[in-house]
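Bear in mind the structure is a predicted one, so any value in this text is a computation, not a measurement.
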Amino acid sequence: MRLSRYPINTMKETPAEAEVVSHQLMLRAGLVRRLAAGLYSWLPLGLRVLQKVERIIREEMNRAGALELVMPVVQPAELWQESGRWTEYGPELLRIKDRHERDFVAGPTHEEVITDIARRELQSYRQLPVNFYQIQTKFRDEVRPRFGVMRAREFIMKDAYSFHLDEASLQSGYRTMYDTYTRIFTRTGLTFRAVRADSGAIGGDVSQEFHVLAASGEDAIAFSDADDYAANLEAAVAAPPAQARPAPQQALRKVPTPGARTIAELARFLQVDPARCVKTLIVEGAEQQVVALVLRGDHELNAPKAQRLEGVASPLRMASAERVLQATGTEPGYVGLVGLKCRVYADHSALALADFVCGANEKDTHLTGVNWERDVTGAAAADLRSVVEGDPSPTGKGRLKIVRGIEVGHIFQLGRKYSEPMKALVLDEAGRETALYMGCYGIGVTRIVAAAIEQNHDERGIIWPAPIAPFQVVLVALNLQKSARVREVSDRLYAELTAAGIEVLYDDRDARPGVKFADAELLGIPHRLVVADRGLDAGRLEYRQRRDSASTEFPADGALAFMRARLGT
RNA sequence: CGGAGCGUGGCGCAGUCUGGUAGCGCACUUGCAUGGGGUGCAAGGGGUCCCGAGUUCAAAUCUCGGCGCUCCGACCA
């Protein structure tokens, strides 16, 4: 591609709307343009990256035996009513009416449509297992779209759905997709990690996420330094402490603690370690009563874990100050365990404490020397907290480390969640009707592009991993307007490399060298060739990789062979 | 949905408090010079100052209403 015929519009200044570096660079490099909140156009250069990613996905899905199809973006409401999600999905589901006032949705996902296809097309166990996928636009009416294409309302997703006769087949299909995803993300050249997304079924691979590791990631993931345990922080299991609880030493004592509402204030006031304090959080219960959740002072409540507990409202809601007063007789900040009437869940590590500090259910007052059994009874043990760096791995091997990631893939075993209400049945070997088992597997295609930039950039711009770079080589011709020799050599080189199947972005603009170098680096093309009189005098060209800080020279004659060697083709 | 902020050529901003000819930098066009790291000089083109109503001799500026966008939080994946 000749840059003189390619209307790129690079920007020196960062548009004010862009907060994260991938969004800034995508705008500055002219990959995307915003049309409205969460809606982006992909300009030619950005589309090339997107298509590289899609190609890798397609090749690996096909290799795994999945079958590509395309389903409509606009879907009839009836299907969503049938699955129950017309009412369950909430305002993220964009509902639209056609000219006859009939209800439709702009598809945020396609379980309903694919299940409808499955129940029509699949009649026999002989047709199973089967996996259908598509690469297609989704619409989710996000409350707050942000970070450019990272959390857009309209985005491209690869979604796949597998159908099986039984659970064993589902698990095997799920493992195949796990392996396929691993190959896909490996091939994109990104550093990633597969993590457990759900701890509900112990040891079961019911749902896993694939994260591109980047400091700016929205998710925290925990992994063991000694084995392959890795989980989203939301789902990471905090192992109960190994040591038994020490015997009580101190007597229960009430102490005045004026103004000490937070654990930090309390610890400072009493000169005790926050890890020897206990915090009692009052949350709304599933019915009328509130529920108390007890954590060690230095630990954080994990909402997904808490809202799974019996009797706790889901989604989790903290009780209002009035409700706290009503239930405990005091205000938040002084709530404690002794004499507490409501249902109590205590985190394992809080339960392991002896002689600890907690609120006295009385303003400006706490208790010290509190002990389980002796002073407090009836607390149920639970895993309530988020793990922290250095916690023992729940597998028993190693300690947990925490890094940040961007979720780019998610695989689920759905079981019969859709097939039963939507009556997707086949006949088994014995001629009996049986509901299909189903798995679903998503990849955020547009998000991968942003994640790639988050993970690979420097102060000059993008540094594309080679497999998804829009072009392999940028050919920078210096002063070609004046130098017939430079123009001739560059034109010839461009033609030669292009004919050899190499994707070359040829900067043949009448621009100063500095402009061309700066743009080449902003655009992040992995390999750069420079043609200039200075080198040609010695019969040489110049080569440099995007990550390198210095160039090397090589004989101009052998350019094609030289580049082939660099590209490994 | 709660809180905060911002809407002025394509982009980044000043001007608004204190009403009086719509500006600067980048980008764009043309010319000359320059030609290895966003070059210099000169001449240009391009703006319903988000929209509507009001106040006023006069509104980018003041008042009211609306719309859009961004950030933080909540929510969601």
Side-chain angles (χ1 to χ4, degrees), chain A residues 7-20 23-24 27-30 33-39 43 85 88-94 108-109 138-148 150-153 155 157 159 195 197-198 207-211 217-219 232 234-235 303-304 307 314-318 405-412 440 442-444 446-447 459-461 476-483 485-487 507 509-523 528-537 540-542 544 549-551 553:
Chain A
I8 63 160
N9 219 340
T10 56
M11 286 181 271
K12 270 193 234 182
E13 285 162 312
T14 302
E17 70 188 54
E19 193 69 7
V20 296
H23 190 198
Q24 293 173 350
L27 291 173
R28 286 186 54 207
R33 291 290 181 245
R34 192 182 66 88
L35 180 63
L39 302 177
L43 300 185
R85 289 207 291 185
E88 277 171 24
Y89 209 95
E92 243 182 72
L93 182 63
L94 181 68
T109 176
K138 300 279 186 258
F139 193 97
R140 294 184 189 173
D141 204 358
E142 292 279 351
V143 195
R144 186 146 89 81
R146 57 190 134 167
F147 308 146
M150 192 92 83
R151 184 169 292 272
R153 290 195 292 176
F155 58 98
M157 184 169 176
D159 47 326
V195 308
D198 191 278
S207 171
Q208 283 161 293
E209 297 168 345
F210 287 78
H211 285 259
E218 276 193 273
D219 290 285
N232 193 308
E234 288 180 349
Q307 68 200 20
S314 179
L316 188 74
R317 290 191 315 276
M318 299 305 289
I406 299 163
E407 182 189 341
V408 290
H410 202 157
I411 58 179
F412 298 86
C440 85
I443 291 181
T446 39
R447 188 181 274 187
E459 64 291 342
R460 292 165 186 260
V476 179
L478 299 186
N479 196 25
L480 83 173
Q481 309 304 329
K482 288 281 178 61
S483 169
R485 180 172 61 160
V486 168
R487 175 172 285 284
D507 193 347
R509 295 175 297 176
D510 179 13
R512 307 263 313 176
V515 174
K516 296 189 177 193
F517 291 141
D519 275 347
E521 280 152 1
L522 176 61
L523 297 182
R528 184 181 88 184
L529 283 176
V530 178
V531 180
D533 276 317
R534 204 165 77 183
L536 289 179
D537 287 340
R540 301 179 84 79
L541 300 176
E542 212 176 284
R544 180 156 156 187
S549 54
S551 304
E553 292 197 337

Considering every strand and a 4.0 Å limit on heavy-atom distances, what is the contact class for A:Arg28: base, sugar-phosphate, or nothing? base
Identify whether any heavy atom of A:Ala16 sits under 4.0 Å from a base atom; if not, whether one sits that close to sugar-phosphate; answer base, sugar-phosphate or nothing. sugar-phosphate
Among B:G36, B:C71, B:C76, the one nearest any side-chain atom of A:Pro513 is B:G36
Rounded to whole Å, how long is the line connecting atom CZ of A:Arg512 with atom P of B:A33? 14 Å
At 4.0 Å (heavy atoms only), tell me whether A:Arg509 reaches a base, stays on the sugar-phosphate, or touches nothing. nothing
Checking all strands, does A:Asp219 fall into the base, sugar-phosphate, or nothing category for heavy-atom contacts under 4.0 angstrom? base
From B:U70, B:G37, B:G35, nucleotide with atom closest to A:Arg460 side chain: B:G37
Establish whether the base of B:C76 is bridged to the side chain of A:Arg151 by a donor-acceptor pair shorter than 3.5 Å. yes
B:C24 pairs with which nucleotide, Watson-Crick or G-U wobble, both distances below 3.5 Å? B:G12
Candidate nucleotides B:C76, B:G36, B:G35, ranked by approach to the side chain of A:Glu92 - the nearest: B:C76
Where the side chain of A:Lys12 is concerned, which of B:C26, B:G37, B:U70 is the nearest nucleotide? B:C26
Could you tell me whether A:Ser483 contacts a base, only the sugar-phosphate backbone, or nothing, with contacts defined as non-hydrogen atoms closer than 4.0 Å? nothing
Pair of N/O donor and acceptor under 3.5 Å linking B:G37 base with A:Arg544 side chain: yes
Report the C-alpha separation of A:Val486 and A:Asn479 in whole Å, then their side-chain angles, then the decisive distance to 0.1 Å, and conclude whether the side-chain contact (heavy atoms from CB on, under 4.5 Å) test is met. CA-CA 7 Å; A:Val486 168; A:Asn479 196 25; 5.7 Å; no
What about A:Arg528, does its side chain sit under 3.5 Å from the base of B:G36 through a donor-acceptor pair? no
Provide the distance between the two C1' atoms, one in B:G35 and one in B:C72, to the nearest whole Å. 49 Å
Quick one: A:Gln24 CD to B:C71 P, roughly how many Å, whole number? 11 Å
Between B:U34, B:G38, B:G37, spot the one nearest the side chain of A:Glu521, thanks. B:G37
Donor-acceptor pair under 3.5 Å, A:Asp510 side chain vs B:G35 base: yes
Starting the side chain at C-beta, find the nucleotide from B:C11, B:U70, B:G38 nearest to A:Thr10. B:G38
Check the distance between B:A27's C1' and A:Ile8's CD1 and give it to me in whole angstrom. 13 Å
Looking at A:Glu13 and B:G25, is any side-chain donor or acceptor paired with a base atom of the opposite kind under 3.5 Å? yes
How far, in whole Å, is B:C69 from B:U34 if one measures between their C1' atoms? 42 Å
Nearest-neighbour nucleotide for the A:Asn9 side chain, B:C11, B:A27, B:G35 considered: B:A27
Under 4.0 angstrom, heavy atoms only, what part of the nucleic acid is A:Ala518 near: base, sugar-phosphate, or nothing? base
Starting at CD of A:Glu142 and ending at C1' of B:A74, how long is that distance when rounded to a whole Å? 14 Å
Rounded to whole angstrom units, what separation is found between the CE atom of A:Met11 and the P atom of B:G10? 13 Å
Ion pair check, A:Glu19 and A:Arg146, cut-off under 4.0 Å: no
Send over the distance from A:Glu542 CD to B:G37 P, rounded to a whole Å. 11 Å
What is the distance, rounded to the nearest whole Å, between atom CZ of A:Phe147 and atom C1' of B:C76? 14 Å
Euclidean distance, atom CG of residue A:Leu478 to atom P of B:G38 [Å, nearest integer]: 13 Å
Per A:Lys482 side chain, nearest of listed nucleotides B:G35, B:C69, B:C75: B:G35
Could you walk me through whether A:Arg34 and A:Glu17 pass salt bridge (Lys or Arg N to Asp or Glu O under 4.0 Å), step by step? CA-CA 10 Å; A:Arg34 192 182 66 88; A:Glu17 70 188 54; 3.4 Å; yes
Is any side-chain N or O of A:Asp519 under 3.5 Å from a base N or O of B:G38, one able to act as donor and the other as acceptor? yes
Nearest-Å distance once atom P is located in both B:C49 and B:G7: 15 Å
Among the nucleotides B:U70, B:G35, B:C75, whichever has the atom closest to the side chain of A:Arg146 is B:C75
